[in-house]
Amino acid sequence: MIFSDTPLQSLITLILIVEALKPRISRRKLRSRVFSQIETVVLFSSPQRAMAPAAKPITSPVPDAWYPTLAVLMLAVGLVITASFFIYEATSSRKSRSLAKELTTGTMASIFLGFGSLFLLLSSGVYV
Amino acid sequence: MGFRFDLFIVLIAILSVPVLSDLILSKVDRRIDLTSQVVRITSTLKVENSGNDPVSEVLLAFPEHQEKNLAYLTASFREGKGKGKGSTSSLPVEVVHPQGMPPALVFYSVSLPKGLGKGESLTLDVLVVFTHSLKPFPKEITQADFQLVVFQDSGHYLSPYEVKFQSLSVKLPDARIESYTRLENTKTVGSEIKYGPYENHPPFSYSPIVVHFEQNQPFAVAEQLVREIEISHWGNVQVTEHYKLIHAGAQSKGEFSRLDYQARPHVRGASAFRHLVAKLPPRAHSVYFRDEIGNISTSHLWGDLKKTELEIEPRYPMFGGWRTSFFIGYGLPLQDFLFESGGKRFLNITFGCPMNEVVIDNLIVKVVLPEGSRDISVSAPFAVKQWQETKLSHLDIVGRPVAVLEKTNVVPEHNQHFQVYYKFNNISLLREPLMLISGFFFLFVTCIVYMHVDMSISKSSASYVMKLLWEEIQAAIQQVHDIISRCLSIHDKLEASLRDLSRTGDVQACKAARKASDGQLKELSKELRPLLAFLQSSPQAAQILPKVEELVAKERELQEKLMLKHTTVADSYEKKSGGKEIENRIASQQQKIVALRQEVDDLLDYIDEI
């Protein structure tokens, strides 16, 4: 009995062909035999046992394969904005400083750095 | 010899018992499998209703001393006639205490789906699993001795009903059989002992049999196993299992000779075991095998699409009575185990230990759900003790809810799937990045506050005053720098208009551009005047002032020259003189302009670096 990842339909067709080629038996017996075999196939081919029928697997909102790339990109952008924040702080004089510009730069930098460090943790195996 | 006393009680009980209901077991086939440390008894009972009333339950009886080792019991009935394999469905079984029964017996009741009518018959398949039922005898052996164990049961099937026809077959491992009880109709076929067939025995008939044989299969018993299953919605289910293993066979006495063991392991140490094989789910990753000392490297891992097999070898071979403890961890992909249905999420994962043929005395399964999960409920296919805890892990504020399940006497048949249901809002996933973001933001705010707050102790000291003045001068210089840069950009615009003129020939536009630039430059020079005045008035700027004045002067010169050049070019275009002539006229001016521009740029850079 094959129960692995072959598609269900081709398997059922195979069973029907095999059953049809067997020596002639009454139609009722053929039907019951085929149905019992289909039942076994269905039962054994689904990897989830003992479960509700309409269950949808849950995955992460961001695909796994993107974690390292996202980490590097977000950290790079975050560090660039951090650099611009500190440059602004260093080169502006007390009079010409604007609190709004500082706060926006700081917020943007912390958002990118936050997400970047989250993806960095996830890609290195610490699933937080 | 405690079991002898219990047998005595049971034998007495046989003589004083009423007949129970009208069921008759017309055929009983028992197969006792003693090939591993776990005793499995499969009984096929053909139940017949010889009375008038329909019967809806069948009672199974076990002696008390045997029942306390009972780990797993299922009963299923076979539909359909004949020898073909019809569908089997398992029936609910529960402990009952009927009255008028002999003492020292425990009864399990199997509920039939539809009542068994008068004269009808039914086939039941009962599987019973016992642990710790093979008692090593002798209790202590040396390294070179064989491990012999004793198993005792009843030769006749113990039942509250009359048994018409029964047979028993005891399957032993392919090794020495020391001795066994001989009843009537006993014969050995290879490594199987067949008792029976026996006919027409009354209810509660019990005849003890004892089998003494050699058993070398590993007696791996985990005294305690703690399985922790941690779910992270970012894509991973992490399982960590902590084992405390003991070899529950005959105790090892005398000394252990490593040389003898390694030279001839099957002679000196036949009952010891070295390897344990675990079947993990497919796509398991990041598998580790460690103990308190550190990593244990004697392990092998290979996987295919159906399973991942892990073969581990603890730091020393396990002889009788020896203990070891280690822990195993592995990660599993989330989509194989976490599902959503009807607004609730549930985790579908196996309950027991993934290792082959390991008996667990006390199993604790902890399912750690992410922070923000509510309405947690567990559904397991057998009875477990449950309660809730919290665990503090990465990036947690209050802690993660943990659903703990505990079960004693667990055998590999218990390795079925169980579900944990809970509710979780996807927005709560953002809690973790928000914590990190707020951490970083706090750093930036600290920086801003530090730059803004005036933290000098004395506000009237000379150095403080000087510092304030210097900052004002810096601000002024910065503004000068800005204005000059703007002037330079206007110059660039003028040059661009000249180039447009040479391309399109539109003199009017050129003149208009010149007028506009003129106006802007005049405004900028007006802005420049108060700044220069301030710089001239402050003594601290004495060093930088000459450079600034030089810069302003040069810029003005550049401005004039550029304007002159512009007018000449525009006029030449009006007069429609050739290109070469224009070039000649403005050649010298162009050179000077370029030189001046370079100087202005240098001065700007110098000022910038203050």
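The chains referred to below are lettered A, B, ... by the order of the sequence lines, with proteins before strands, and numbering in each begins at 1. Since this is a predicted model, take the numbers as computed values, not measurements.
- Looking at B:Q238, B:K366, B:K391 one by one, the single match for side-chain hydrogen bond (donor to acceptor under 3.5 Å, both in side chains) with B:E228 turns out to be B:K391.
- Using a 4.5 Å cut-off between heavy atoms, B:Q478 contacts chain A through its side chain alone, with no backbone atom that close.
- Heavy atoms of A:L122 lying under 4.5 Å from chain B belong exclusively to its side chain.
- Classification of B:D375 and B:K344 as a salt-bridged pair fails, no side-chain N sitting under 4.0 Å from a carboxylate O.
- The candidate from B:L334, B:L395, B:I448 with the greatest count of non-hydrogen atom pairs under 4.5 Å with chain A is B:I448.
- Looking at B:L429, only its side chain comes within 4.5 Å of chain A, counting heavy atoms on both sides.
- In terms of heavy-atom pairs under 4.5 Å with chain B, the best-connected choice from A:F112, A:F86, A:F115 is A:F115.
- Ranked by heavy-atom pairs shorter than 4.5 Å toward chain B, the options A:T59, A:D64, A:I111 are led by A:I111.
- Between chain A and the options B:E432, B:H285, B:E230, the largest number of non-hydrogen pairs under 4.5 Å is found for B:E432.
- Contact tally against chain B (heavy-atom pairs below 4.5 Å) for A:L103, A:L118, A:I58, A:T107: the top residue is A:I58.
- Residue A:T105: no heavy atom, backbone or side chain, is found under 4.5 Å from chain B.
- Residue contact with chain B, scored on non-hydrogen atoms closer than 4.5 Å, involves the side chain of A:Y67 exclusively.
- Top candidate by heavy-atom pairs under 4.5 Å with chain A, chosen from B:M451, B:H233, B:H394, B:E371, is B:M451.
- Counting heavy-atom pairs closer than 4.5 Å to chain B, the top residue among A:P61, A:G125, A:G106, A:P63 is A:G106.
- Heavy atoms of B:R400 lying under 4.5 Å from chain A belong exclusively to its side chain.
- The backbone N or O of B:G352 sits nowhere less than 3.5 Å from a side-chain atom of B:T350 that would complete a donor-acceptor pair.
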